*Asks:* 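Here it is, the structure in full.
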Amino acid sequence: MNANESRRQFLKLGTQGLGLMALGPVLGISQAEAESEAPRFFLQIFFEGGMDASYLFDSRPLEMTKNGKIQNYLGAEPNVWEGKNGTVTLASSLIQPLETFRNDFSVLNGVLMAPTSIGHPQNINYLFTGSTFGGDSFIPYLNTQARALVSRPIDALQAGSLQLEGSNLGNVVPLNQASFQSLQQKLRTAPPLAEISPLTTFVRQRMSILAQGEGSFSIGAQNMSRAHQLSGDLSELLLKIPASGVEVQDSVLGFVSVALGCFKGGVTRSALLIPDFQQVGALDAHDTATAKAQPVTLQKAVNVIAKVFKALKETPYDQTRSFFDVTTILVSTEFGRTMKATKSSSVDETGTNHNPLATTLLVAGQGIRGGQVIGATDFQKSDEVLSKAHQSLDLDFLSTMGKPFDFATMKPLDLKPEVFDPTHYLTIDSVVNSLYSHFSVDERKMRSVVRNGPKAPILKGLFV
Amino acid sequence: MSKMKNDRAKLRKTSLSFAVGSVFRPLLGVVCWIFLTQSVAYANPSEFKGFFAVESMLQEKIFASTPKFRLLSYIGSNDLLSLLGTYNVGPGGHSQFQNGTPNPTNMLLWHLTMSGVAEDISRTCFDPNRSSVKPEFSELLKSLCQWPKPQVKDPAVLLDFWFFLMGYESDEQEFEAWRDFFLQGPYSESSAQETISAMALSVFLNPYFLLK
């Protein structure tokens with residue numbers, strides 16, 4: 001064996017060794033082990049299409065509508081919503097179902113998504129991976145890279161469809177209540193898969209042997225080998241999850257029920273709920289008709305959020321805690337909306353376009369210091385003088401934009417910078433890094449706002 | 001004087017190219033070493049062929065054209081179909097193959113699904129009408145249904161069976177390992193139904209069968 005081959009062999013063995021080490025804590029996780037670990041789960045509700053925050057927690061006074069700046073098909077003056085941290089915003093009446101949970105969640109206003117791109121796929125990708133194309137979704141890392149937590153067999157459950165370029169989503173599994181029940185039914189009638197028979201040993205041996213090459217097929221065989229080894233334990237865990245009593249017709253609650261069962265049962269740590277058109281309606285309100293329907297659409301969206309909060313609060317995790325106490329929740333969308341479609345549009349007959357400069361997110365649940373309003377947007381009145389930084393990104397003054405943000409005090413700054421520097425703003429990268437920090441994810445995974453720049457600051461004041 | 005200038009210029013040029021070469025050659029060497037010794041971890045890993053591709057393969061290889069073979073009947077529910085790898089068309093019309101990467105859930109489902117297919121194939125020993133396999137495959141199964149009689153333990157018979165299911169998808173080593181397992185292992189004296197089911201399932205769960 002020459003030097004090159006020995007180095008290749010060494011690296012191969014080293015990699016396999018690391019792979020086996022990674023498998024070590026995963027294989028054989030039992031329900032008891034899952035329950036004994038300090039519980040920490042993640043649920044993301046993602047509203048695809050771009051929610052108009054002016055109908056939620058980033059409203060504008062009617063004065064701006066009267067002056068032709070922003071559409072407001074609700075036609076009502078918004079109310080003041082004051083955060084416990086002293087930051088104030090305007091909220092529409094549509095958020096009323098969330099009043100009950102006022103101290104349980106915090107509002108993040110003026111969050112920047114991908115400042116250089118306005119497309120749906122690019123901003124959806126940016127939200128999940130930190131890159132407009134490709135990259136790795138943050139959700140699997142809450143399972144595989146969380147140093148203080150034992151990996152679960154599945155990285156996340158998903159309800160609803162999402163197309164991402166992300167390369168690490170292979171273990172995010174679409175599983176709604178109907179498919180979960182079908183899977184359990186199938187497992188009940190099948191011979192136990194956790195038992196190792198001579199046939200299973202032979203099958204796995206072939207997978208392992210084919211996994212020893214270095215190309216695409218061998219890596220696929222590696223994945224197959226690892227997956228097959230975990231599938232037996234997974235089948236045991238799935239069978240132990242009690243059947244839900246929730247009606248299948250309510251797909252949101254049905255999925256939540258499955259997710260919570262899988263959290264408790266050690267199957268997964270995360271879930272991603274993507275409400276579909278049937279549940280909410282169209283959020284991408286480019287045309288006037290869809291824009292006029294936004295009050296109804298966004299009321300439905302708020303109702304979904306309230307329904308999920310309520311379900312988590314009312315489902316006990318153990319004798320002293322509900323699932324709301326042990327699950328961190330992120331309510332998100334890929335970007336906000338412009339105030340009207342074009343410079344010449346009448347606010348009474350206009351749609352809205354994409355605005356990645358100002359997105360509103362909600363965070364709630366475990367570890368979150370609720371009741372806050374974090375961040376703010378500019379263009380709060382018709383005659384406001386906008387910063388040159390804003391003007392450089394929004395030539396027609398159709399968008400609101402997040403204000404510069406002081407990460408030390410967690411307050412927006414009333415500055416009007418001349419030049420746009422994304423590191424001075426509240427970005428989705430900071431939100432994701434904050435989640436990473438909360439889940440003890442390896443710091444090397446943390447995102448930077450600009451290429452080769454420092455890591456986006458963690459929102460320390462967001463957590464208790 | 002001009003000769004000295006020329007000489008100096010030549011010397012500078014030579015020195016410079018020597019210096020560059022001194023840096024460049026080792027650097028090139030390091031880069032080549034890195035490429036030669038690193039494992040290829042950048043290839044996109046092979047995914048499952050997916051539900052419809054496997055259904056099509058089974059139809060073409062071993063099942064008669066009528067009634068049409070339905071892999072869905074072995075999954076048990078439409079809801080689980082997408083877990084096995086299907087194309088999903090997004091809002092922009094762009095289609096993307098999803099759930100093709102092996103994970104514990106889809107591996108579990110593939111195992112359960114293909115176990116059902118394997119089981120049905122094996123039951124033709126006792127109920128020839130049970131599954132509508134092709135006549136030529138049915139003839140082969142009749143032979144195998146004599147297992148574990150010595151005349152059936154013919155490598156040529158096993159090769160025929162392997163070839164029906166796997167075709168040219170795999171290399172010879174896979175067949176040899178599979179053949180030896182059934183001729184020499186715990187199934188060498190097992191019942192025909194149990195053995196045929198195990199034979200089929202071990203082919204179906206081979207990466208060459210399920211992966212692209």
Side-chain angles (χ1 to χ4, degrees), chain A residues 4 7-8 11-12 15 48 120-121 153-155 161-163 167 169-176 178-183 185-187 190-191 193 198-199 202-203 205-207 209-211 214-235 238 284, chain B residues 33 36-41 43-48 75-83 88-92 94-96 98-113 115-116 170 173-174 177-178 181-182 185-187 197-198 201-202 204-208 210-212:
Chain A
N4 277 345
R7 272 194 287 270
R8 211 175 292 169
L11 284 168
K12 194 162 59 177
T15 314
E48 190 173 350
H120 290 285
I154 297 178
D155 286 341
S161 176
L162 185 70
Q163 288 200 346
S167 59
L169 295 168
N171 200 15
V172 173
V173 177
L175 209 61
N176 57 28
S179 53
F180 178 77
Q181 286 172 345
S182 298
L183 188 55
Q185 181 65 26
K186 198 151 179 69
L187 285 170
L193 270 130
L199 180 65
F202 172 71
V203 162
Q205 183 191 58
R206 298 320 302 167
M207 289 179 188
I209 286 169
L210 291 172
E214 293 175 351
S216 169
F217 177 79
S218 295
I219 299 171
Q222 274 176 39
N223 291 337
M224 230 176 122
S225 174
R226 192 181 303 125
H228 199 270
Q229 293 194 54
L230 289 171
S231 62
D233 290 334
L234 176 63
S235 68
L238 287 170
D284 193 22
Chain B
W33 181 85
L36 281 173
T37 57
Q38 290 300 318
S39 294
V40 175
N44 281 334
S46 185
E47 294 182 306
F48 284 133
I75 299 173
S77 166
N78 275 348
D79 303 299
L80 298 174
L81 193 155
S82 64
L83 292 177
N88 183 32
V89 180
H94 165 70
S95 70
Q96 195 177 33
Q98 296 192 320
N99 304 316
T101 304
N103 62 53
T105 311
N106 60 20
M107 193 68 250
L108 176 62
L109 203 45
W110 274 118
H111 188 117
L112 292 171
T113 304
S115 292
S170 79
Q173 282 168 334
E174 283 311 298
W178 177 87
F181 174 72
F182 284 99
Y187 288 94
S197 176
L201 184 59
S202 55
F204 293 149
L205 293 181
N206 188 293
Y208 278 116
L210 280 180
L211 293 181
K212 287 180 185 171

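Because the structure is predicted, anything quoted here is derived from the model rather than measured.
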*Asks:* Taking only residues two or more places apart in sequence or in another chain, which ones pass side chain to side chain donor-acceptor pair (under 3.5 Å) with Asp155(A)?
*Replies:* Asn143(A)
*Asks:* Who among Ser115(B), Gly185(B), Pro104(B) has the most heavy-atom pairs with chain A under 4.5 Å?
*Replies:*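 Ranked by heavy-atom pairs under 4.5 Å with chain A, first place is Pro104(B).
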*Asks:* Please state whether the side chain, the backbone, both or neither of Trp110(B) comes within less than 4.5 Å of a heavy atom of chain A.
*Replies:* neither
*Asks:* Would you say that Leu112(B) contacts Ser235(A) through its side chain, given a criterion of any heavy-atom pair below 4.5 Å between the two side chains?
*Replies:*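 With C-beta onward as the side chain, the pair stays apart.
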*Asks:* Looking at Val172(A), Leu234(A), Leu210(A), Asn223(A), which one has more heavy-atom pairs under 4.5 Å with chain B than the rest?
*Replies:*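 Top option by heavy-atom pairs under 4.5 Å: Leu210(A).
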*Asks:* Of the listed residues (Leu175(A), Leu238(A), Leu193(A), Leu199(A)), which shares the most heavy-atom pairs with chain B below a 4.5 Å separation?
*Replies:*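 Most pairs with chain B among the choices: Leu199(A).
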*Asks:* Determine whether more than 12 heavy atoms belonging to other residues, nucleotides or ligands lie under 6.0 Å from atom CD of Gln205(A).
*Replies:*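 More than 12 heavy atoms, drawn from other residues, nucleotides or ligands, come within 6.0 Å of this atom.
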*Asks:* Taking only residues two or more places apart in sequence, or in another chain, which ones meet Asn206(B) in a side chain to side chain donor-acceptor pair (under 3.5 Å)?
*Replies:*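 For Asn206(B) the side chain to side chain donor-acceptor pair (under 3.5 Å) partners, ignoring immediate neighbours, are Glu174(B).
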*Asks:* Please rank Asp284(A), Asn171(A), Leu187(A) by heavy-atom pairs under 4.5 Å with chain B and give me the top one.
*Replies:*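 That would be Asn171(A).
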*Asks:* A side-chain contact here means heavy atoms from C-beta on lying under 4.5 Å apart; do Tyr208(B) and Phe217(A) qualify?
*Replies:* yes
*Asks:* If I measure from the heavy atoms of chain A, does Leu210(B) come under 4.5 Å with its side chain, its backbone, both, or neither?
*Replies:* side chain
